[in-house]
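When a residue number appears, it is its place in the shown sequence, counting from 1.
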Amino acid sequence: MSTTVESSAAPKRKPVPRYRSHTGWTVLSAGFRPFFMLGALFAAIAVLLWLPVYHGELTLQTAFAPRDWHVHEMLYGYLPAVITGFLLTAIPNWTGRLPLQGRPLLTLVLIWFAGRLCVTFSADTGWLVALLVDASFLLAVALAAAREIVAGKNWRNLNVVALLSLLLIGNVAFHLEAHFNGAADYGIRAGIAVVIMLIALIGGRIAPSFTRNWLVRENPGRLPVPFNKVDMVILAFSAVTMLLWIARPEGALTGSALAMAGVLHLVRLARWAGDRTLRDRLLLVLHVGYFFVPIGYLLGACAAFGLAPASAGIHAWMVGGAGIMTLAVMTRASLGHTGQKLEASLATQAVYLAALVAVAARIGAALTPAWSDPLLHVAMLGWCVAFLGFALSYGPTLLARGKLH
């Protein structure tokens, strides 16, 4: 098993060409190039806009309430872009088929970009147009992924298509709720639940897999426990817990389930020997990012029992779990698939550190209302430094012509 991101769940196959010969724009030669770059830039820009909107200093021409626009564009805008970049790079390795390139890839990019415009200006385009254009992106990605996985007879990864389909349903529900009820709630929780399950499923395979490969080569000794029935039970229990949380985020039953899920994910993380990866920051950050999955569950449990605001757990999941894990995947895949050495430069480590500052400040803002405003500014700064830092550091690599690996 290689050390690039897309190989984590692949069965052994005869070597096949990874990419077709591509003579067009370099950025369209592989799915990770445009979607990692655009996802990172959009993540930073959307948060830069959010605080002025939150303080009433800026008004957007969106039909969504300000909070809903912010949540939607993080949950159904930036994250699907990065997920798509990952899947378009991973699925060919899972199936042995050639990846999407050129005009088909450009079409997906334009649909995603059109969705961002229609949502942000939905007061002018109309809520229904925004829904149809925005939802068409996840629909197209799910159909493309399903086609490739079925054609490659890679049945085990159809669960990824199922989760993409649930994310699409959550997005549609978000638009409908926001229009008919004035604010989205179920659509928000459904989207968060799917993202956390994607991290638990995919992150739970790549983190121990890459760690094992590195430890065998560089630091012999205790190795991660391979994916087994324990992981399957934890994932199943987590899925049930998330359904409870979507339906009713408060109460003793939901709180108890969230607390148990948090403990189980801590146990799962402890089985991966992350403490032995301190010398390899590209590996260590995967474990750090996953750490915020159980933290989100535990803070969610506190919220269910009325001991903490719900936003603390949500931002542990989304700023910490999703934010740091996407940066970890984007940096590793960008290096690995452009033939660079799998090593975290000082700039890359600064990106990771900025993301850690962002999640600590954002959770702190939720837990300490008296310090909320300055901590929100620190969180915004950390987040923007992380994602703009990725775009600046990896932009030349993503846009440069060269052999893909």
In the structure I gave you, are the side-chain heavy atoms of Glu73 and Phe42 within less than 4.5 Å of one another anywhere?
yes
Please test Trp383 against Val319 for side chain to side chain contact (heavy atoms under 4.5 Å, CB included), starting from the C-alpha separation and ending with a verdict.
CA-CA 8 Å; Trp383 179 270; Val319 181; 3.8 Å; yes
Is any side-chain heavy atom of Thr62 less than 4.5 Å from a side-chain heavy atom of Phe121?
no
Does either side chain, that of Ser122 or that of His175, offer a donor lying less than 3.5 Å from an acceptor on the other one?
no
Decide whether a cation-pi geometry holds between Arg116 and Trp112; the criteria are a distance under 6.0 Å from NZ or CZ to the six-membered ring centre and an angle within 45° of the ring axis.
yes
Reported CG-to-CD1 distance for the pair Leu48 and Ile45, which is rounded to 0.5 angstrom:
7.5 Å
As an exercise, state the distance from CG of Leu198 to CG of Leu87, rounded to the nearest 0.5 Å.
8.0 Å
Is it true that atom CZ of Arg248 has more than 12 heavy atoms of other residues, nucleotides or ligands lying nearer than 6.0 Å?
no
Pick one: which of Tyr290, Phe210, Phe291, Trp214 meets ring-ring contact (aromatic ring centres under 6.0 Å, His included) with Trp272?
Tyr290
Phe237, CZ atom: more than 12 neighbouring heavy atoms under 6.0 Å
yes
With side chains defined as the heavy atoms from C-beta onward, is the minimum distance between Phe390 and Thr326 less than 4.5 Å?
no
Donor-acceptor under 3.5 Å (Arg212 side chain, Val225 main chain)
no
Any donor-acceptor N/O pair, Tyr76 side chain to Gly170 backbone, under 3.5 Å:
yes
Using a 3.5 Å distance criterion without hydrogens, assess whether the side chain of Asp231 forms a donor-acceptor pair with backbone atoms of Asn228.
yes
Do Trp155 and Val150 come close enough that some side-chain heavy atom pair is under 4.5 Å?
yes
Spatial distance of atom CG (Leu269) from atom CG (Asp275) [nearest 0.5 Å]
9.5 Å
So does Trp245 get a backbone contact from the side chain of Arg189, meaning a donor-acceptor N/O pair under 3.5 Å?
yes
Is there a side chain to side chain contact (heavy atoms under 4.5 Å, CB included) between Ile295 and Leu299 once you walk through the steps?
CA-CA 6 Å; Ile295 293 301; Leu299 287 171; 3.8 Å; yes
Is the side chain of Ser334 donor-acceptor paired with the backbone N or O of Thr331 at a distance under 3.5 Å, no angle test?
no
If only atom types and distance count, is the side chain of Thr120 paired as donor or acceptor with the main-chain N or O of Leu117 below 3.5 Å?
no
As a quick check of understanding, evaluate side chain to side chain contact (heavy atoms under 4.5 Å, CB included) for Leu356 and Phe292, giving each step before the final call.
CA-CA 10 Å; Leu356 275 172; Phe292 286 99; 4.0 Å; yes
Looking only at heavy atoms, which two atoms of Ala361 and Val378 are closest? And how far apart?
CB-CG1, 3.7 Å
Taking every heavy atom of Leu367 against every heavy atom of Ala308, the minimum-distance pair comes out as CD2-CB, 4.1 Å
Mind checking the CD1-CD1 spacing from Ile202 to Ile83? Nearest 0.5 Å is all I need.
7.5 Å
Here the pair of heavy atoms bringing Val133 nearest to Gly115 is CG1-N, 3.7 Å
If I take atom CD1 from residue Ile314 and atom CD1 from residue Ile363, how far apart are they, to the nearest 0.5 angstrom?
12.0 Å
Okay, side chain of Arg276, backbone of Asn219: is any donor-acceptor separation there less than 3.5 Å?
yes
Counting N and O atoms only, with roles assigned by atom type, does the side chain of Glu177 sit under 3.5 Å from a partner on the main chain of Gly187, one being a donor and the other an acceptor?
yes
Can you confirm if the NZ or CZ of Arg205 lies within 45° of the ring axis of Phe227 and under 6.0 Å from the centre of its six-membered ring?
yes
Heavy-atom side-chain contact between Ile149 and Ile91 under 4.5 Å
yes
Give the minimum heavy-atom separation between Met325 and Leu286, together with the two atoms involved.
SD-O, 3.3 Å
Do Arg33 and Ser29 have side-chain atoms, one donor and one acceptor, less than 3.5 Å apart?
yes
Whether the side chain of Trp69 engages the backbone of Leu60 through a donor-acceptor N/O pair (distance < 3.5 Å, no angle test) should be reported.
no
If you count heavy atoms of other groups shown closer than 6.0 angstrom to OH of Tyr54, is the number above 12?
no
For Pro369 versus Ala366, what's the shortest heavy-atom pair and its separation?
CD-O, 4.5 Å
Any side-chain heavy atom of Arg271 sitting closer than 4.5 Å to one from Val230?
yes
Step by step, would you call Ile192 with Trp317 a side chain to side chain contact (heavy atoms under 4.5 Å, CB included)?
CA-CA 8 Å; Ile192 291 171; Trp317 274 333; 3.7 Å; yes
For the backbone of Leu375 and the side chain of Arg362, can you confirm whether one donor and one acceptor N or O come within less than 3.5 Å of each other?
no
Phe137 vs Phe35, test: ring pair (Phe, Tyr, Trp, His ring centres under 6.0 Å). Steps then yes/no.
CA-CA 12 Å; Phe137 175 70; Phe35 281 113; 5.8 Å; yes
Show the nearest heavy-atom pair for residues Phe36 and Val82, with the distance to one decimal.
CE2-O, 3.6 Å
Side chains of Tyr297 and Thr241: donor-acceptor distance under 3.5 Å anywhere?
no
Are any of the side-chain heavy atoms of Thr348 and Tyr394 separated by less than 4.5 Å?
yes
Considering the options Trp50, Trp127, Tyr78, Phe64, which one meets the ring-ring contact (aromatic ring centres under 6.0 Å, His included) requirement together with His72?
Phe64
For residues Phe113 and Leu38, determine if any side-chain heavy atom of one lies less than 4.5 Å from a side-chain heavy atom of the other.
no
Output the distance between atom CG (Leu201) and atom OG (Ser238), rounded to the nearest 0.5 Å.
11.0 Å
